[in-house]
Amino acid sequence: MNFKDKKVIVTGASSGIGKQVAIDFSNNGVETIVLVSRSKTKLERVEKLLNPKCETRIYPCDISKKNEVIEMGKEIKEKYNHVDILVNNAGFGRYGKVLEQTLEEIEQVTFTNYLGMVYCTKVFLNSMIKNGSGHIVNVASLAASFGIPGMAAYCGSKFAMLGFSESLYHELKGTGVGITVVSPVAVRTNFFDNDSFKGKMPHKIGYVLDPKKVSKAVMHASNSQRLEIVVPFFARSAVWLKHTFPYIVNPIVRSSFN
């Protein structure tokens, strides 16, 4: 858990998991941390919470926009040459049946949660491989393994993130660069603040994680050879059951959330 001299980038760093990850990295010897989010004001608030011994740079960027990510990557690599750890954390959800959502609403979730991760990974991957070291941590969700009614766009983006990461995991063998997915259950953040959730899903969530627990998993993931870390660990059994006995688990998921 000592990250002395490491350079870290955290997307979605303005709140929730990303904010906690930034704080924890800054307290564990990181040399430089780059905070990425759409809101400069919120990033400035997070910056004040970080350990002053850590060099901090804030970078307002909408990762759903390819050109903005490319420009961000260009500037950061010119300044730091390469980064050691990339935490792809930015993402959001919107509740609603596919039939009732517009294509634009589905695209917004997909472009941020999935393509934003792809853009950031592509921008920094080459320099990691040239340096012979580095780690990509993709923050997904247990929804990467369960299709939840009313959350098709979100689940689809997380399924895609896990599949992309697994393929890249194999491709990176022997390069010195690693990739790990962190898949937590529901986390106590502003995720459910979106108007689409009002009066719907939040009251059904019985087990909610503190962002500190997920942040700890992200930090472990940045030194791990594992493909996926499920938080809490016992939730892995639910994934196993779903894949082993889908004819039993799928009806339970459907009835629970409907």
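Values reported hereafter were calculated over all heavy atoms of this structure, with side chains retained and with hydrogens, waters and symmetry mates removed.
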| field | Verdict with reasoning, Asp84 to Val8, per side chain to side chain contact (heavy atoms under 4.5 Å, CB included) | value | CA-CA 6 Å; Asp84 299 289; Val8 181; 5.9 Å; no

| Once you round to the nearest 0.5 Å, how far does OG of Ser222 lie from NZ of Lys6? | 9.0 Å

| task | Would you confirm whether Glu105, through its side chain, and Thr102, through its main-chain N or O, come within 3.5 Å as a donor-acceptor pair? | result | yes

| request: Please answer: with hydrophobic residues joined when any side-chain heavy atoms are less than 4.5 Å apart, are Leu86 and Tyr169 in the same cluster? | output: yes

| task | Check whether more than 12 heavy atoms from other residues, nucleotides or ligands sit under 6.0 Å from atom CD of Gln225, and answer yes or no. | result | no

| request: Applying side chain to side chain contact (heavy atoms under 4.5 Å, CB included), name anything that partners Leu50, two or more places apart in sequence or on another chain. | output: Ala22, Ile23, Ser26, Ile33, Leu35, Val46, Thr56

| Can Glu75 and Arg57 be said to form a salt bridge (Lys or Arg N to Asp or Glu O under 4.0 Å), step by step? | CA-CA 12 Å; Glu75 290 187 23; Arg57 178 172 182 179; 3.5 Å; yes

| field | Pairs flagged by side-chain hydrogen bond (donor to acceptor under 3.5 Å, both in side chains) wherever residues 63-74 is involved - sequence neighbours left out | value | Asp62-Ser64

| Main-chain N/O of Gln108 paired to Thr112 side chain as donor or acceptor, under 3.5 Å | yes

| How many angstroms lie between CG in Leu209 and NZ in Lys216, if you round to the nearest 0.5 Å? | 13.0 Å

| task | Determine, using the 4.5 Å side-chain heavy-atom cutoff (strictly less than), whether Phe124 and Val34 are members of one ILVMFWY cluster. | result | yes

| field | Lys7: partners by side chain to side chain donor-acceptor pair (under 3.5 Å), with sequence neighbours left out | value | Glu31

| message | Between Asn131 and Met128, is there a side-chain heavy-atom distance shorter than 4.5 Å? | response | no

| Side-chain touch Lys48/Glu44, heavy atoms, less than 4.5 angstrom | no

| said: Less than 4.5 Å apart, side chain to side chain, heavy atoms only: is that true for Tyr154 and Arg94? | reply: no

| query | To the nearest 0.5 Å, how far apart are CZ in Phe164 and OH in Tyr114? | reply | 5.5 Å

| request: Calculate, to the nearest 0.5 Å, the distance between atoms OG1 and NZ belonging to Thr32 and Lys79 respectively. | output: 8.5 Å

| Which is it for Val87 and Thr11 under the side chain to side chain contact (heavy atoms under 4.5 Å, CB included) test, yes or no, and what are the steps along the way? | CA-CA 6 Å; Val87 181; Thr11 69; over 6 Å; no

| Would you say the side chain of Lys97 lies within less than 4.5 Å of the side chain of Pro149, judging by non-hydrogen atoms? | no

| said: For Asp210, give me all partners under side chain to side chain donor-acceptor pair (under 3.5 Å), at least two apart in sequence or on another chain. | reply: none

Give every donor-acceptor pair under 3.5 Å between a side-chain atom in residues 136-145 and any protein atom, sequence neighbours left out.
{"from": "Asn138", "atom 1": "OD1", "to": "Asn88", "atom 2": "ND2", "distance (Å)": "2.8"}
{"from": "Asn138", "atom 1": "ND2", "to": "Ser165", "atom 2": "OG", "distance (Å)": "2.9"}
{"from": "Ser141", "atom 1": "OG", "to": "Ala143", "atom 2": "N", "distance (Å)": "2.9"}

| query | Out of curiosity, does Val218 fall in the hydrophobic cluster containing Val83 (side-chain heavy atoms, cut-off under 4.5 Å, transitive links)? | reply | no

| message | For a quick test of reading the model, state the closest non-hydrogen atom pair linking Ala90 to Ile63 and the distance between them. | response | CB-CD1, 3.5 Å

| Taking only residues at least two apart or on different chains, which pairs with a member in residues 24-67 satisfy ring-ring contact (aromatic ring centres under 6.0 Å, His included)? | Phe3-Phe25

| query | Does some side-chain heavy atom of Tyr119 sit less than 4.5 Å from a side-chain heavy atom of Ile70? | reply | no

| task | Quick one: closest heavy-atom pair of Ala221 and Val182, and the distance? | result | CB-CG2, 3.7 Å

| remark: For residues 106-134, the salt bridge (Lys or Arg N to Asp or Glu O under 4.0 Å) pairs (sequence neighbours left out) are none

| With hydrophobic residues grouped by side-chain heavy-atom distances under 4.5 Å, do Val118 and Met161 end up in a single group? | yes

| task | Working to the nearest 0.5 Å, report the span between CD1 of Ile9 and OH of Tyr80. | result | 9.5 Å

| message | Under 4.5 Å side-chain heavy-atom separation, chaining through any Ile, Leu, Val, Met, Phe, Trp or Tyr, what else clusters with Val181? Say none if it is isolated. | response | Leu162

| Cluster link Val36 to Leu49, ILVMFWY, side chain under 4.5 Å | no

| note | Residues pairing under side-chain hydrogen bond (donor to acceptor under 3.5 Å, both in side chains) where one sits in residues 172-182, two or more places apart or in two chains, turn out to be His135-Thr180

| said: When you compare the side chain of Ser183 with that of Val231, does any pair of heavy atoms fall below 4.5 Å? | reply: no

| Residues in salt bridge (charged side-chain N to carboxylate O under 4.0 Å, His left out) contact with Arg38, at least two apart in sequence or another chain | none

| said: Quick one, Asn81 and Ser127 - any side-chain contact, counting heavy atoms below 4.5 Å? | reply: no

| note | Distance col, row Asn89:CG vs Lys19:NZ, nearest 0.5 angstrom, shows 13.0 Å

| Contacts of type side chain to side chain donor-acceptor pair (under 3.5 Å), residue Ser37, not counting sequence neighbours | Ser14

| message | Can you list everything that forms a side chain to side chain donor-acceptor pair (under 3.5 Å) with Thr110? Sequence neighbours excluded, please. | response | none

| task | Would you check if Tyr95 and Glu100 make a side-chain contact, meaning some heavy-atom pair closer than 4.5 Å? | result | no

| request: Check for a donor-acceptor pair, side chain of Asn28 on one end and backbone N or O of Asp24 on the other, with a separation under 3.5 Å. | output: yes

